[in-house]
Amino acid sequence: MRIDAHHHLWSLARGDYGWLTPALAPIHRDFSLSDLAPHLAAADIKGTILVQAAPTEAETMFLLDIAAKAQVVRGVVGWTDFDAADGAARIDALAARKLLVGLRPMVQDIPDDDWLLRPALAPLLAAMARNSLVFDALVLPRHLPRLLRVVDDYPELQFVLDHCAKPGLATGELAVWQDDIASLAERPNIVCKLSGLATEAAPGWQIADLRKAVDHVVACFGPHRLLWGSDWPVVNLAGGYEKWLAAAETMLAGLSRDENAAIFGGNAARIYLSGRGRNVEAN
């Protein structure tokens with residue numbers, strides 16, 4: 001089964017998408033599963049991982065309710081308040097919803113670059129591990145050394161690096177990112193999501209603009225620790241679903257059929273849907 005391991009849905013009337021302003025005109029509207037369906041059909045994608053886009057538990061419940069009614073959504077990566085005094089209990093309660101497969105604090109938007117290193121996170125990360133929830137790391141390149149320490153400290157917790165940590169494709173400043181990615185990839189409890197690169201490149205990007213970053217994560221993580229995701233509808237800011245998918249398929253064409261099948265579905269099923277979410281055999 002092909003799985004899109006990273007997409008969003010939203011309703012502006014909910015009012016909790018602080019980052020989603022009219023300045024982002026192509027995506028400043030509601031997006032539903034019916035909008036996504038043609039893209040999935042064209043790509044023969046039978047399952048998705050729906051990811052939070054607002055820092056509220058209310059949005060997580062909104063996404064879980066969508067998933068409960070839609071077989072195509074195999075799991076939800078949600079959000080909870082990692083700074084709450086009862087954060088661990090909140091995670092235990094959320095984990096009762098089997099379609100919740102992971103949690104994603106929006107680290108890139110947190111002013112404190114050392115937030116990941118706070119001792120107060122320890123009981124929350126332990127709660128995620130005991131509930132078999134994945135930690136989706138929405139970080140920027142400067143956060144990678146901190147993330148490395150957390151990944152080392154919690155070997156029992158599965159981490160997913162979102163958007164390859166958003167390398168500086170538009171500026172070409174990749175050297176430090178490359179070193180940090182190589183170090184992180186040495187840890188067995190983290191995998192990398194091949195997503196979000198189109199929006200990090202300069203406008204009008206071509207495959208050549210992405211290839212250095214893609215080749216690096218393939219070399220470091222290997223094809224069995226990479227998950228492809230569209231980052232739709234955010235990808236509409238940078239060429240759209242089909243352009244990004246075609247670019248990814250072209251850049252990975254040198255891998256074997258089995259390796260491509262892993263990146264475009266098998267790895268997402270293993271990482272997110274082993275024991276949680278909706279079984280990939282479900283129709």
Side-chain angles (χ1 to χ4, degrees), residues 1-9 33 36-37 39-52 60 63-64 66-78 94-104 128-138 151 155-164 185 187-196 214 217-218 220-232 235 241 244-245 248-249 251-253 255-283:
M1 175 184 289
R2 293 190 109 194
I3 296 174
D4 180 343
H6 195 107
H7 75 92
H8 310 285
L9 301 171
L33 276 176
L36 178 61
H39 302 295
L40 300 181
D44 193 30
I45 291 171
K46 304 296 187 185
T48 73
I49 302 297
L50 176 55
V51 180
Q52 64 82 223
T60 295
L63 299 179
L64 286 165
I66 290 173
K69 300 170 186 175
Q71 289 284 350
V72 71
V73 179
R74 304 289 161 164
V76 171
V77 174
L94 284 169
R97 298 285 295 264
K98 188 182 177 185
L99 289 178
L100 185 77
V101 298
L103 292 170
R104 186 173 84 144
M128 290 187 66
R130 69 171 171 264
N131 286 294
S132 300
L133 292 170
V134 172
F135 187 106
D136 260 48
L138 177 62
V151 171
E156 72 282 8
L157 182 58
Q158 176 67 62
F159 292 84
V160 173
L161 181 63
D162 281 359
H163 310 325
C164 304
R187 278 61 181 178
N189 57 321
I190 186 165
V191 299
C192 181
K193 203 173 282 186
L194 193 59
S195 59
V214 171
V217 296
V218 171
C220 291
F221 284 95
H224 294 286
R225 293 171 61 208
L226 289 175
L227 293 64
W228 180 84
S230 66
D231 197 26
W232 181 92
V235 73
Y241 201 109
W244 161 236
L245 173 59
E249 290 176 331
M251 288 184 285
L252 300 173
L255 300 178
S256 72
R257 180 177 178 179
D258 287 347
E259 289 169 336
N260 270 276
I263 294 172
F264 287 98
N267 296 338
R270 184 183 79 253
I271 296 297
Y272 284 118
L273 307 177
S274 296
R276 298 195 64 88
R278 181 173 280 119
N279 191 292
V280 293
E281 268 79 44
N283 295 318

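Ring geometry for Phe264 against Trp228 counts as tilted: the plane angle lies between 30° and 60°, on a 0 to 90° scale. Classification of the Phe135-Phe159 ring pair by plane angle, with boundaries at 30° and 60°, yields tilted.
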Derivation of the side chain to side chain contact (heavy atoms under 4.5 Å, CB included) call for Gln158 and Val191: CA-CA 8 Å; Gln158 176 67 62; Val191 299; 4.0 Å; yes
Candidate pair Asp231 and Ser195, rule side-chain hydrogen bond (donor to acceptor under 3.5 Å, both in side chains), full reasoning: CA-CA 6 Å; Asp231 197 26; Ser195 59; over 6 Å; no
In sequence, state the C-alpha distance, the side-chain angles, and the governing distance for Asn267 and Phe221, and then conclude on side chain to side chain contact (heavy atoms under 4.5 Å, CB included). CA-CA 12 Å; Asn267 296 338; Phe221 284 95; over 6 Å; no
Apply the test side chain to side chain contact (heavy atoms under 4.5 Å, CB included) to residues Glu259 and His224: give CA-CA distance (whole Å), side-chain angles for both, the deciding distance (0.1 Å), then the verdict. CA-CA 7 Å; Glu259 289 169 336; His224 294 286; 4.2 Å; yes
Quick one: do Asn279 and Leu273 satisfy side chain to side chain contact (heavy atoms under 4.5 Å, CB included)? Show the steps, please. CA-CA 7 Å; Asn279 191 292; Leu273 307 177; over 6 Å; no
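Taking both residues in full, the closest heavy atoms of Val217 and Cys192 are given as CG1-SG, 4.2 Å, listed atom of the first, atom of the second, then distance. Across all their heavy atoms, Lys98 and Gly275 have their closest contact at CE-O, 3.8 Å. Closest of all the heavy-atom pairs between Ala43 and Arg2 is O-NH1, 2.8 Å. When all heavy atoms of Gly75 and Val101 are compared, the closest pair comes out as CA-CG1, 3.8 Å. Nearest heavy-atom pair, Ile271 versus Val160, reported as atom, atom and distance to 0.1 Å: CG2-CG2, 3.9 Å.
Panel note: side chain Arg278, backbone Ala67; a donor-acceptor pair is recorded below 3.5 Å. A donor-acceptor pair under 3.5 Å is absent between the side-chain atoms of Arg276 and the main chain of Val134, judged by distance alone. Of the possible donor and acceptor atoms, none in the side chain of Asp4 sits under 3.5 Å from a partner among the backbone N and O of Thr48. Put simply, the side chain of Arg270 never gets that close to the backbone of Ala262: no donor and acceptor are under 3.5 Å apart. Side-chain atoms of Trp244 do not come within 3.5 Å of backbone N or O of Gly196 as any donor-acceptor pair. In this structure, the side chain of Arg74 does not engage the main chain of Tyr272 through any donor-acceptor pair within 3.5 Å. A side-chain donor-acceptor contact under 3.5 Å links Asn260 to the backbone of Leu252.
Counting heavy atoms from C-beta outward, Leu94 and Leu133 have side chains that stay 4.5 Å or more apart. Between Arg225 and Ile190, some side-chain heavy-atom pair lies under the 4.5 Å cut-off.
Between Asp136 and the options Lys193, Gln52, Arg104, a side chain to side chain donor-acceptor pair (under 3.5 Å) holds for only Lys193.
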